[in-house]
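Structure first, then comments.
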2 protein chains.
Amino acid sequence: MTAAPEQPGDDVAARAGSYPKGVARRQEILARAIEVFAAKGLEGTSLRAIAEAIGVSHAALLHYFPSREVLLIEVLKANETRFRGDDADRDPTEIVGMMTNAAHRNVGIPGMISLYSSMLAGSIEDGKEYSREYFSQRFERLRAKLVSRIEEGQSSGTVRADLEPEALAALVIAASDGLQVQWLLDARVDIARSLELLDVILAPSSENPTTENS
Amino acid sequence: MTAAPEQPGDDVAARAGSYPKGVARRQEILARAIEVFAAKGLEGTSLRAIAEAIGVSHAALLHYFPSREVLLIEVLKANETRFRGDDADRDPTEIVGMMTNAAHRNVGIPGMISLYSSMLAGSIEDGKEYSREYFSQRFERLRAKLVSRIEEGQSSGTVRADLEPEALAALVIAASDGLQVQWLLDARVDIARSLELLDVILAPSSENPTTENS
DNA sequence: GTCTATAGGGCGATAGAC
DNA sequence: GTCTATCGCCCTATAGAC
């Protein structure tokens, strides 16, 4: 999110109300919304259902958020921010571990996985430019982050040098996303166990020294 | 699909109309629906939009399919069947190649990827038992298929023996699904290139002979 | 600035005419 | 077997109370 060239407050947040009370109430609504989604998933995610769970009218929600789509994406953004600077994110060496940790956090809030997957799938449709923009930037940012870690690992010799960082980054993210959905459908799927297999790709083998690219 | 214990015709297909003309018209509607989705994605997937594109009323659609949900899942099933027995599926040795081929086919019909992702995300919600059942069985069937190929590879020495077949199967499927979505959002993502990295996991290294499991 | 009340248009689904 | 008519719900928009 911070990878994009935008100031911290240059968000939709600034749009409603001037400043003193507007944003505070907005944050409050957002926080309540996160609770609701985390608990119930996007079961009955109509604006009216969300509004009722929060204790306001659906029109009040639209006073702070221009549309249902924007509200839901803001919930995802806010949830993401909650874990900013967690564990493995501070160790700029972790690659697979970064995704494993994120996945582990999400397992505690299946409703968020559901919301994320749903919005992601919907972001392809026409008229969902706000969603699409968010997910495009999110994937670009995540890939860039992983690419830089992979390249550092290749420089320091902890990661095989004959791997395309971009392709590997996309793979790790895709695996993490896909596994979370499979887990939702079948709890026997062990996300961490599967993700750890990716470390096999990363590890430099003895016959493939970290120098030499072909 | 055939992995589940069910006769060929024991489908929702048999439910509408007796037999002679009902199922024929049903198949016709299904075929037209596939074209519509393949071309336009699930842009305007309302029953009314689908009906208009096919040239009937939305009520007519509901005469052959009990609900929109069922219709859409049947479209996915029918699309899946179209490619039954393709290329790599006949080579019971291919593992990653099986998913690469499937992904390659889907890239030609982005609307189907979109439909698939959307229905998959929605299948978690309450009241979507039909979708959930389909995806649960689909994943179980795919994983089983891959597990058996992996185990054969491990027996014959073409696949590392120290890998959990179940975890690996889930990983390969997850990566394939996740990469297709990323590709929809950013065509620079190279699905095949990323999937091929998984072959690095599969390949037995010289220091890890295929015998010995721990 | 904040919110309630209300209205427009579209949706999935059903009932009943032909 | 296919249609029209209708129901209840949804998102969105807006007018105006406080």
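All values derive from a computational prediction rather than experimental measurement. Just so we're on the same page: letters track the sequence lines, and every chain starts at 1.
Rounded to an integer number of Å, the gap from A:Leu72 CG to D:dC11 C1' is 12 Å. For B:Leu61 and D:dC3, the CG to C1' distance is 13 Å, given to the nearest whole Å. When rounded to the nearest whole Å, the span between CD1 of A:Ile50 and C1' of D:dC10 equals 12 Å. C:dG1 atom P lies 8 Å from atom NE2 of A:His63, rounded to whole Å.
Using a 4.0 Å cut-off between a side-chain N of Lys or Arg and a carboxylate O of Asp or Glu, B:Lys77 and B:Glu80 do not qualify as a salt bridge. Looking at A:Glu28 and A:Arg25, a side-chain N of the basic residue comes within less than 4.0 Å of a carboxylate O on the acidic one, giving a salt bridge. A salt bridge links B:Arg32 with B:Glu35: at least one charged nitrogen is closer than 4.0 Å to a carboxylate oxygen.
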Problem set entry | B/S/- contact track for nucleotides 12-18 of chain C, protein heavy atom under 4.0 Å | BBB----
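In this structure, B:Val56 reaches the sugar-phosphate backbone alone: every heavy-atom distance under 4.0 Å involves primed, P, OP1 or OP2 atoms, never a base.
A search for ring pair (Phe, Tyr, Trp, His ring centres under 6.0 Å) contacts involving B:Phe135 returns B:Tyr116, not counting sequence neighbours.
Between the side chain of B:Glu94 and the backbone N or O of B:Gly97, at least one donor-acceptor pair lies under 3.5 Å.
For the pair A:Ser57 and C:dC3, the criterion of a side-chain N or O lying under 4.0 Å from OP1 or OP2 is not met. Contact annotation: A:Tyr64 reaches the phosphate of C:dC3 (side-chain N/O to OP1 or OP2, under 4.0 Å).
Donor-acceptor pairing under 3.5 Å is lacking for the side chains of B:Glu74 and B:Tyr134.
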